[in-house]
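Letters A, B, ... are given to chains in the order of the sequence lines, protein chains preceding strands, and every chain is numbered from 1. From a predicted model like this one, the values you see are computed outputs, not experimental measurements.
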Number of protein chains: 2
Amino acid sequence: MVVDVELSDAAVDRLFRALADATRRDIVRRTLAGGASVSELATAYDMSWAAVQKHVAVLEGAELVTKEARGRERIVRGIPQQIQRAQALLDSYEQIWRGRVQRLDALFAEEDN
Amino acid sequence: MVVDVELSDAAVDRLFRALADATRRDIVRRTLAGGASVSELATAYDMSWAAVQKHVAVLEGAELVTKEARGRERIVRGIPQQIQRAQALLDSYEQIWRGRVQRLDALFAEEDN
DNA sequence: ATAACATGCAACCAAATGGTTGTAGATGTT
DNA sequence: AACATCTACAACCATTTGGTTGCATGTTAT
C-alpha cells in the first residue's frame with residue numbers, strides 16, 4: 001500500500017499543527033471510528049459549539065477530515081490516507097536516522113511543493 | 001522493537017507542534033543524519049541566529065532533540081525514539097480506522113497522563 | 001590579556017491561535 | 001406557518017508563536 005502524494009511544506013505544517021491539539025486528536029479518533037455530526041461532536045467537549053466547529057474547520061484545512069451534508073447535518077469523517085501520509089513523513093525521518101538516505105537533497109525534494 | 005512510553009496530552013501537543021514548522025523539521029532531519037552545532041544550523045537558514053536557537057529550544061522541549069556541550073559549542077542531535085513515539089501514536093489512529101480497537105476508551109487512556 | 005566566537009536570554013512586535021458571544025441562514029417538525 | 005435544530009460566520013479578546021535586536025556570559029585562539 002503506497003501512500004505517496006507529495007505535500008507542500010505548508011500542507012505538512014497544517015497537518016502536524018492540526019494534530020497538535022488534544023481536542024482535535026480526539027475528533028480525529030472519533031470520526032475515524034465512524035462519522036459524526038458537528039453537533040454530536042460538540043456535546044462531547046467542554047467548550048462552546050463554535051469552538052468545536054472551529055476545530056473541525058482546522059481539521060478540514062489539514063485534510064484530516066471531510067464534511068458531508070446530510071439534511072441539515074454535516075457528517076464529519078476522518079481521512080485515513082492523511083494519517084498515512086503523516087506516517088510516511090515520519091518514516092522518512094527514521095530512514096535518515098538509519099542512514100538509508102544517501103542523498104539528503106532527495107528527501108528535501110520530496111517535501112518541496 | 002517496542003516504543004511504548006506514555007506521553008501526556010501536553011507532551012503530544014508539543015511533539016506535533018514542534019513538527020509543524022518546516023525549519024524545525026529540517027533541523028530534525030539534519031540532526032538525525034548527524035550532530036550539528038547550533039551555529040552550524042544557523043548558517044543554513046535565512047533568519048537570525050536567535051530565531052534558530054529558539055527553534056532548537058522548541059525541539060528540545062518536545063524531546064525531539066538533545067544538546068550536548070562540547071567546548072563552547074552545543075552539539076544538537078535528533079532523538080529517533082521520539083519520532084518512533086509519534087509513529088506509534090499515528091499507528092493507533094490507523095488501527096481505530098481499521099476497526100481493530102474495540103474499546104475506544106482503552107486508546108483514550110493510552111494518552112492520558 | 002585581548003579579541004573573536006558560540007551561546008543564552010530578555011524585551012519587544014506583528015500575526016496566528018483558541019476561545020467567547022451574537023447574528024443569521026437552512027432544514028426538519030408540528 | 002411557526003418553531004426548533006444544525007450549521008456558518010463575524011467580531012472580539014487573551015495568549016502564544018515566530019521573528020527581531022541587544023546584551024551578557026563562557027570558551028578558544030593570538
Among [options], which nucleotide has an atom closest to any side-chain atom of [X]?
X	options	value
B/R72	D/dT7, D/dG18, C/dC5	C/dC5
A/Q53	D/dG19, C/dG18, D/dA8	D/dA8
B/W49	C/dT7, D/dT7, D/dA8	C/dT7
A/A51	D/dA8, C/dG19, C/dT7	C/dG19

Whole angstroms only, please: what is the [atom1]-[atom2] distance between [X] and [N]?
X	N	atom1	atom2	answer
B/H55	D/dT17	NE2	P	12 Å
B/Y45	D/dT20	OH	P	14 Å
B/D13	C/dT17	CG	P	15 Å
A/L19	C/dG18	CG	C1'	17 Å
B/K54	C/dC12	NZ	P	13 Å

### Task
Decide side chain to side chain donor-acceptor pair (under 3.5 Å) for A/Q84 and B/E94; before the verdict, give the C-alpha distance in whole Å, the side-chain angles of both, and the deciding distance to 0.1 Å.
CA-CA 8 Å; A/Q84 293 170 350; B/E94 240 206 302; 3.1 Å; yes

### Task
Select from A/D46 and A/E73 the residue whose nearest nucleotide in DNA chain C is closer to the 5' end of that strand.
A/D46

### Query
Which comes earlier along DNA chain C counting from the 5' end, the contact point of B/I75 or that of A/D21, where each point is its nearest nucleotide?
B/I75

Closer than 4.0 Å, any side-chain N/O of [X] to the OP1 or OP2 of [N]?
X	N	answer
B/S39	C/dC5	no
A/R17	D/dG18	no
A/K67	D/dA8	yes
B/S48	D/dT21	no

### Summary
salt bridge (Lys or Arg N to Asp or Glu O under 4.0 Å) test vs B/E60 passes for just one of B/K54, B/K67, B/R24, B/R14, namely B/K67

### Query
Taking it one step at a time, do A/D26 and A/R30 satisfy salt bridge (Lys or Arg N to Asp or Glu O under 4.0 Å)?
CA-CA 6 Å; A/D26 202 68; A/R30 287 174 190 265; 3.0 Å; yes

So what does [X] hit on the nucleic acid, given a heavy-atom distance under 4.0 Å: a base, only sugar-phosphate, or nothing?
X	result
A/A50	base
B/R70	nothing
A/T23	nothing

### Query
Would you call B/R25 and A/D13 a salt bridge, using N to O less than 4.0 angstrom?
yes

#### Entry: Donor-acceptor pair (no angle test) under 3.5 Å: B/R74 side chain, C/dT7 base
no

### Over all atoms of both residues, closest heavy-atom pair of A/I83 and B/L90
CG2-O, 3.7 Å

